[in-house]
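Beneath this line is the structure, given in structure tokens, with notes to follow.
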Amino acid sequence: VFNHSNEQTHDEEIISGADAALCRLLSFLLFKELAEGEGRHTHAASSTTSETQGRRVIRISDEITCTCQIIEMIYRCSKEVLETSFQKVGPDFLHLLSSILAQIPEHSTATPSADMKSAHMCLRSLTKVLCHYARVHSATMSMAHHPRLLSLMIFLLQHPVGIIPFEAHHNALWVLANMACCNENMQRMASHDRLLDTIIQAANIMHEIDETRPIHHHALRLQHSAFRCLLNLSWDQHNKTLMSERDDLVKTIGKTVDMKTVPGSGNEARNSLGTMLLQTRMFALGTLRNIAHTPSPQKFRLCTTQDGMLLNLLSETALSVEEDPSVRDKAFAVIFNLVSPDTAEMLILHPTLLDSLAEAALVPSNLQLQGASTAESASTMSFRSLNALNQAVATRGSEDCRVKVRQAIEQVNMARRFHNMAVPLEGTI
């Protein structure tokens, strides 16, 4: 009856009070389970009573699972009706769902397959309900401030797929990513105990498996949502500094940007896996761009991490003619944000980085119309980087560095005059 995707019908169900009725039913079922659980301990001396109580608890668990499934179904409604419903029953539902979520991992390891199947079905529905709530801005604020929800979602993600179903893992990461879109949540989430550890671990999952295509497909979906969460968190200025000091994050970003294909996906860049991989790499570079927009000491730390691994990767990405243009643009944006008085000489003396900036700033005259805007974006950002490097070494850099960067700028200016192209003013941002 409820398992459909007709928004209008689900709107009518909620307007008629289905959400409040299901909230009361779920509350009753949880209370009944708690009471019968206490009764099972009280009558533990009687094996017959204990067996009877056990059967009744399993039956109630199925009822709770069914109720959670129906709640998820009716929330396939419009965003406006969903927001109204959350204001009415959302806090109560969060309390009830958190109580169930706290029990699920234990039930998922139960030996009877029926118990595990029921627990997994319940967890899929429960986390999907949270996905629905995460579509609403005001709901994400309430979810982030809930006393248990963040900790429980972290606890869930720390269980391996199998103990916890893949869909629940993916839903949890998707919810956290949406919660991180809210400015008011960013610092609170990044400072929460073990949240960054857990999200970074999920972002690294593609680099820890060696299995068949379906496994890689699932892992990529988790990595995609994890990096979307990290990107959203990295917009906050306090979080930029906090995240720039995470060597595990920088290492994971480097491995992800360097990942050009998904094992078992073939060579087609436009298939679903290829598109998701490109987005994931873009999220990773976007995160790096944001955390590079930090004070000079953090920029220096990023440039020197793992013997300059990031500089090598950024230069290689920027120079690659086979690389997707949007990825190259992001690489140039990261380079621009890394420029500071503490890093300028390191960037200029890198074997290929200065050449990659100069080459992109030239902008070939035979641009195709389709790629013109992208090339101009890379050209503008790379020329800004050259100007920023020139300013950074003007007073405290070596003469060799000043000469190198000025020669690169003059080369670009000459080429641009030849092609009759406008050059951005020095020092513009």
Side-chain angles (χ1 to χ4, degrees), residues 19-20 22-35 37-38 61 64-65 67-68 71-72 75 82-108 119 122-159 163-164 168-202 225-226 229-230 232-233 236 238-239 242-243:
D19 53 350
L22 287 166
C23 185
R24 290 192 294 269
L25 174 60
L26 186 59
S27 179
F28 167 75
L29 292 174
L30 286 173
F31 176 79
K32 191 175 180 183
E33 180 182 17
L34 177 63
E38 291 176 350
S61 295
I64 290 174
T65 296
T67 304
C68 288
I71 294 168
E72 186 279 315
Y75 275 142
L82 177 62
E83 184 169 11
T84 301
S85 175
F86 184 83
Q87 292 171 356
K88 180 174 61 175
V89 298
D92 292 332
F93 263 137
L94 288 182
H95 174 73
L96 296 173
L97 297 179
S98 296
S99 298
I100 301 171
L101 186 59
Q103 302 176 39
I104 289 293
E106 180 180 350
H107 285 293
S108 293
C122 184
L123 192 50
R124 290 187 189 98
S125 299
L126 186 155
T127 53
K128 190 64 177 179
V129 171
L130 295 177
C131 285
H132 290 310
Y133 280 158
R135 294 160 50 201
V136 179
H137 177 82
S138 58
T140 62
M141 294 178 61
S142 298
M143 292 164 73
H145 285 77
H146 190 274
R148 302 176 66 196
L149 191 59
L150 277 178
S151 296
L152 287 169
M153 295 183 75
I154 292 169
F155 179 62
L156 183 152
L157 288 169
Q158 290 178 336
H159 285 74
I163 298 298
I164 299 297
H169 268 260
H170 184 257
N171 290 344
L173 288 169
W174 195 92
V175 169
L176 290 173
N178 270 33
M179 290 169 64
C181 285
C182 179
N183 292 333
E184 294 84 352
N185 292 344
M186 292 177 182
Q187 279 195 38
R188 185 183 190 90
M189 291 179 66
S191 301
H192 193 282
D193 183 39
R194 295 178 295 128
L195 186 138
L196 277 180
D197 294 339
T198 304
I199 302 301
I200 293 170
Q201 182 180 0
S225 291
C229 183
L230 291 167
N232 290 338
L233 290 174
D236 179 81
H238 175 269
N239 290 352
L242 178 67
M243 295 170 70

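Since we're looking at a predicted model, the values are computed, not measured. Every heavy atom of this structure was used, including side-chain atoms; hydrogens, water molecules and symmetry mates were not.
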Checklist entry - Yes or no on side-chain contact (heavy atoms from CB on, under 4.5 Å) for His145 and Arg188, after CA distance, side-chain angles and deciding distance? => result CA-CA 8 Å; His145 285 77; Arg188 185 183 190 90; 3.5 Å; yes

Checklist entry - For the atom pair CE (Met153) and CG (Asn171), what is the distance rounded to the nearest 0.5 Å? => result 8.5 Å

Next on the checklist: Looking at every non-hydrogen atom in both residues, tell me the closest pair between Ala172 and Leu156 and how far apart they are.
Outcome noted: CB-CD2, 4.2 Å

Next on the checklist: Rounded at 0.5 Å granularity, tell me how far CG in Leu101 sits from CG in Leu123.
Outcome noted: 6.5 Å

Item to check | Exercise: identify the closest heavy-atom pair between Leu82 and His132 | outcome: CD2-O, 2.9 Å

Item to check | Heavy-atom check, side chain of Glu72 versus side chain of Arg124, under 4.5 Å | outcome: no

Checklist entry - Can you tell me how far the NE2 atom of His146 sits from the CG atom of Leu97, to the nearest 0.5 Å? => result 9.0 Å

Next on the checklist: So for atom NE2, which belongs to His95, do other residues, nucleotides or ligands contribute more than 12 heavy atoms lying within a distance under 6.0 Å?
Outcome noted: no

Checklist entry - Minimum heavy-atom separation for Val89 to Ala20, with atom names? => result CG1-CA, 4.0 Å

Checklist outcome for this item: To the nearest 0.5 Å, atom CG of Leu196 lies from atom CE of Met189 at 9.0 Å

Checklist entry - Do you know the tightest heavy-atom contact between Ser225 and Leu173? => result CB-CB, 3.8 Å

Item to check | Any side-chain heavy-atom pair of Asp19 and Tyr75 under 4.5 Å | outcome: yes

Checklist entry - Closest heavy-atom contact between Ile64 and Glu33? => result CD1-OE1, 3.2 Å

Checklist entry - Can you tell if the side chain of Ile154 reaches within under 4.5 Å of the side chain of Ile199, non-hydrogen atoms only? => result no

Item to check | Minimum side-chain heavy-atom gap His137-Cys181 below 4.5 Å | outcome: no

Next on the checklist: Please report the interatomic distance CD1(Ile200) to CZ(Arg194), rounded to the nearest 0.5 Å.
Outcome noted: 14.0 Å

Item to check | Donor-acceptor contact present, side-chain Asn178 to main-chain Ala134, <3.5 Å | outcome: yes

Donor-acceptor pairs under 3.5 angstrom involving side-chain atoms of residues 22-31: please list them, not counting sequence neighbours.
none

Next on the checklist: Which heavy atom of Ala180 sits nearest to which heavy atom of Cys229, and what is that distance?
Outcome noted: CB-O, 4.0 Å

Item to check | Inter-residue atom distance Asn232.CG - Cys182.SG, 0.5 Å rounding | outcome: 10.5 Å

Checklist entry - Is there a donor-acceptor contact under 3.5 Å linking the side chains of Thr127 and His169? => result no

Checklist entry - How about Leu94 and Leu130: do any of their side-chain heavy atoms sit closer than 4.5 Å? => result yes

Checklist entry - Is the shortest heavy-atom distance from the side chain of Phe93 to the side chain of Val129 under 4.5 Å? => result no

Checklist entry - Would Gln103 and Ile100 count as a side-chain contact (heavy atoms from CB on, under 4.5 Å) if you check the C-alpha gap in whole Å, the side-chain angles of each, and the deciding distance to 0.1 Å? => result CA-CA 5 Å; Gln103 302 176 39; Ile100 301 171; 5.6 Å; no

Item to check | Leu176 side chain near Thr198 side chain, heavy-atom distance below 4.5 Å | outcome: no

Checklist entry - Would one find more than 12 heavy atoms of other residues, nucleotides or ligands at under 6.0 Å from atom CD of Gln187? => result yes

